[in-house]
Amino acid sequence: QVQLVESGGGSVQAGGSLRLSCAASEDLYNLYCMAWFRQAPGKEREGVALTVSGGGRTYSDSAKGRFTISQDHAKRTLYLQMNSLKPDDTAMYFCAAGRGWCNLSPTRFNTWGQGTQVTVSS
């Protein structure tokens, strides 16, 4: 079972940027799919971005054009670069991994990090 640890969250003003990191205990080449999700208090967990082993990427409508998902295989780390942040982006952000086919539904993942908080003020 791969272990995931997120970092890089914090507080930022609207329009600012953050880069989230997800350090994995296993070589990323062994993981078919890795993704970022977020969850605000009282709301369902929603998919933000995912990447598969072949290099394909998928983004939610809200993330498209602002966020970029990427990997550093040497560091076993997944990243989420977030630009032009909005108050609606405020949430706990989670890294997830899977070995089967996936989409931006949290039900497709069974390995999760502990989360890192992102707060965007106007």
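Considering every non-hydrogen atom in both Ser122 and Pro87, the closest pair reads CB-CG, 3.9 Å. Between Cys33 and Gly100 the shortest heavy-atom distance is CB-O, 4.1 Å. Taking both residues in full, the closest heavy atoms of Ala40 and Ala91 are given as N-CB, 3.9 Å, listed atom of the first, atom of the second, then distance.
Every pair passing ring-ring contact (aromatic ring centres under 6.0 Å, His included) that includes a residue from residues 73-92 is listed here, sequence neighbours excluded: Tyr29-His73. Here salt bridge (Lys or Arg N to Asp or Glu O under 4.0 Å) pairs that include residues 14-28, with residues two or more places apart or in two chains, are Glu26-Arg99. Contacts classified as salt bridge (Lys or Arg N to Asp or Glu O under 4.0 Å) and involving residues 33-53 (residues at least two apart or in different chains) are given here: Arg38-Glu46, Arg38-Asp89.
To the nearest 0.5 angstrom, Gln71 atom CD is 5.0 Å from Leu28 atom CG. Once rounded to the nearest 0.5 Å, the distance linking OG of Ser21 with CG of Leu4 reads 12.5 Å.
The closest side-chain heavy-atom distance from Ile69 to Tyr59 is below 4.5 Å. Using a 4.5 Å heavy-atom threshold, the side chains of Leu18 and Val118 count as touching. At least one side-chain heavy atom of Gln81 sits less than 4.5 Å from a side-chain heavy atom of Asn83. A heavy-atom distance below 4.5 Å is found between the side chains of Ser25 and Val2. Contact of the Leu80 side chain with the Val48 side chain is registered, since non-hydrogen atoms from C-beta on lie closer than 4.5 Å. Contact of the Leu20 side chain with the Glu6 side chain is not registered, since no non-hydrogen atoms from C-beta on lie closer than 4.5 Å. When side chains are defined from C-beta on, Leu50 does not count as touching Met34, because their heavy atoms never get closer than 4.5 Å.
Heavy atoms from other residues, nucleotides or ligands lying under 6.0 Å from CD of Gln114 number more than 12.
Here Phe109 sits in one hydrophobic cluster together with Phe37, Met92, Phe94, Trp112; the rule is ILVMFWY side chains under 4.5 Å apart, joined directly or through other members.
Remark: side-chain polar atoms of Thr116 are not paired, donor with acceptor, to backbone N or O of Ser7 under 3.5 angstrom. A distance-only check finds no donor-acceptor pair linking the side chain of Thr77 to the backbone of Ala23 [under 3.5 Å]. Judged by distance alone, the side chain of Arg66 and the main-chain N or O of Ser84 form a donor-acceptor pair under 3.5 Å.
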Candidate pair Met82 and Tyr93, rule side-chain contact (heavy atoms from CB on, under 4.5 Å), full reasoning: CA-CA 12 Å; Met82 305 188 295; Tyr93 282 72; 3.8 Å; yes
Check against side-chain contact (heavy atoms from CB on, under 4.5 Å), Val52 and Cys102: CA-CA 8 Å; Val52 297; Cys102 62; 4.0 Å; yes
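Under the side-chain contact (heavy atoms from CB on, under 4.5 Å) test applied with Cys95, the options Val5, Leu78, Thr111 reduce to a single match, Leu78.
In this view, Phe67 satisfies the ring-ring contact (aromatic ring centres under 6.0 Å, His included) rule with no residue, not counting sequence neighbours. With sequence neighbours excluded, the residues that form a side chain to side chain contact (heavy atoms under 4.5 Å, CB included) with Ser60 are Ser62, Ala63, Leu104.
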